[in-house]
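For this chain, numbers begin at 1 and follow the sequence in order. Predicted model only: the values in this text are computed from it and were never measured.
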Amino acid sequence: MTELVQNTKKDHKEIKLILSLLFDGIGLISYTIPFFGEGIDIIWAPISGLLLAYMYKGTVGKVAGIFGFIEEMIPMLDVIPTFTITWFYTYVIKTNYKK
């Protein structure tokens, strides 16, 4: 039973990484559409913020959601991989700090 729970947590972690990379990729799409890209960011910014808060619970999710929203709204900051950075903080930095 314990092994099943550990495997589920591991799979959950990997799924979040894949989703984080996908959502960061979506955030970069605005660079591929000249002139309309920044308009797309107006739609993506609140979605990005909500997704971050939903995927990463607690204070980390709230802070990441706010940062993700602001980062998407400011032109030329789309290159920051907010989802992936949040995943890295949650599963690498924060996990190692607890040990």
Side-chain angles (χ1 to χ4, degrees):
M1 181 71 169
T2 327
E3 186 176 316
L4 179 63
V5 172
Q6 288 175 344
N7 286 341
T8 304
K9 285 183 179 180
K10 182 180 178 187
D11 292 340
H12 190 67
K13 176 178 155 180
E14 292 170 354
I15 289 169
K16 277 190 176 180
L17 176 59
I18 292 167
L19 287 174
S20 293
L21 293 168
L22 174 71
F23 293 148
D24 282 333
I26 290 171
L28 288 173
I29 287 177
S30 64
Y31 284 111
T32 62
I33 306 170
F35 305 111
F36 295 108
E38 295 305 323
I40 292 170
D41 285 342
I42 292 171
I43 297 168
W44 177 245
I47 295 170
S48 169
L50 290 172
L51 283 171
L52 278 161
Y54 179 76
M55 285 175 63
Y56 301 98
K57 303 292 184 203
T59 305
V60 171
K62 290 175 187 172
V63 170
I66 292 167
F67 181 80
F69 175 79
I70 293 169
E71 173 252 326
E72 287 294 333
M73 289 301 289
I74 297 174
M76 305 307 292
L77 287 183
D78 298 14
V79 296
I80 299 173
T82 309
F83 283 92
T84 307
I85 291 170
T86 306
W87 182 91
F88 188 79
Y89 172 77
T90 302
Y91 293 106
V92 177
I93 295 172
K94 194 173 176 184
T95 304
N96 288 337
Y97 181 72
K98 286 182 180 180
K99 291 180 182 179

Worksheet item: Is it true that Ile43 and Leu51 fall in one hydrophobic cluster, defined by side-chain heavy atoms closer than 4.5 Å?
Response: yes
Practice prompt. Mind listing the closest non-hydrogen atom pair of Thr82 and Glu71 along with its distance?
Written response: OG1-OE1, 2.7 Å
Worksheet item: Shortest non-hydrogen contact from Met55 to Lys16?
Response: O-NZ, 2.5 Å
Worksheet item: Can you get from Ile26 to Ile42 by hopping between Ile, Leu, Val, Met, Phe, Trp and Tyr side chains that sit under 4.5 Å apart?
Response: no
Worksheet item: Under 3.5 Å, is there a donor-acceptor pair between the side chain of Asp24 and the main chain of Thr84?
Response: yes
Fill in: ILVMFWY network linking Phe83 to Tyr91, side-chain heavy atoms under 4.5 angstrom
yes
Worksheet item: Are Ile85 and Ile74 grouped together when hydrophobic residues (ILVMFWY) are joined by side-chain heavy atoms under 4.5 angstrom apart?
Response: yes
Worksheet entry | Ile80 CD1 to Ile70 CD1 distance, which is reported to the nearest 0.5 Å | 11.0 Å
Worksheet item: Same hydrophobic cluster for Leu52 and Leu50, using side-chain heavy-atom links shorter than 4.5 Å among ILVMFWY?
Response: no
Worksheet item: Are Ser48 and Glu72 close enough that a side-chain donor and a side-chain acceptor fall under 3.5 Å?
Response: no
Response to the item:
For Ala64 and Thr86, the nearest pair of non-hydrogen atoms, with its separation, is CB-OG1, 3.5 Å
Discussion item. Given 3.5 Å as the limit, does a donor-acceptor pair link the side chain of Trp87 with the main chain of Glu14, or not?
Written reply: no
Worksheet item: How many angstroms lie between CG in Asp78 and CE in Met73, if you round to the nearest 0.5 Å?
Response: 10.5 Å
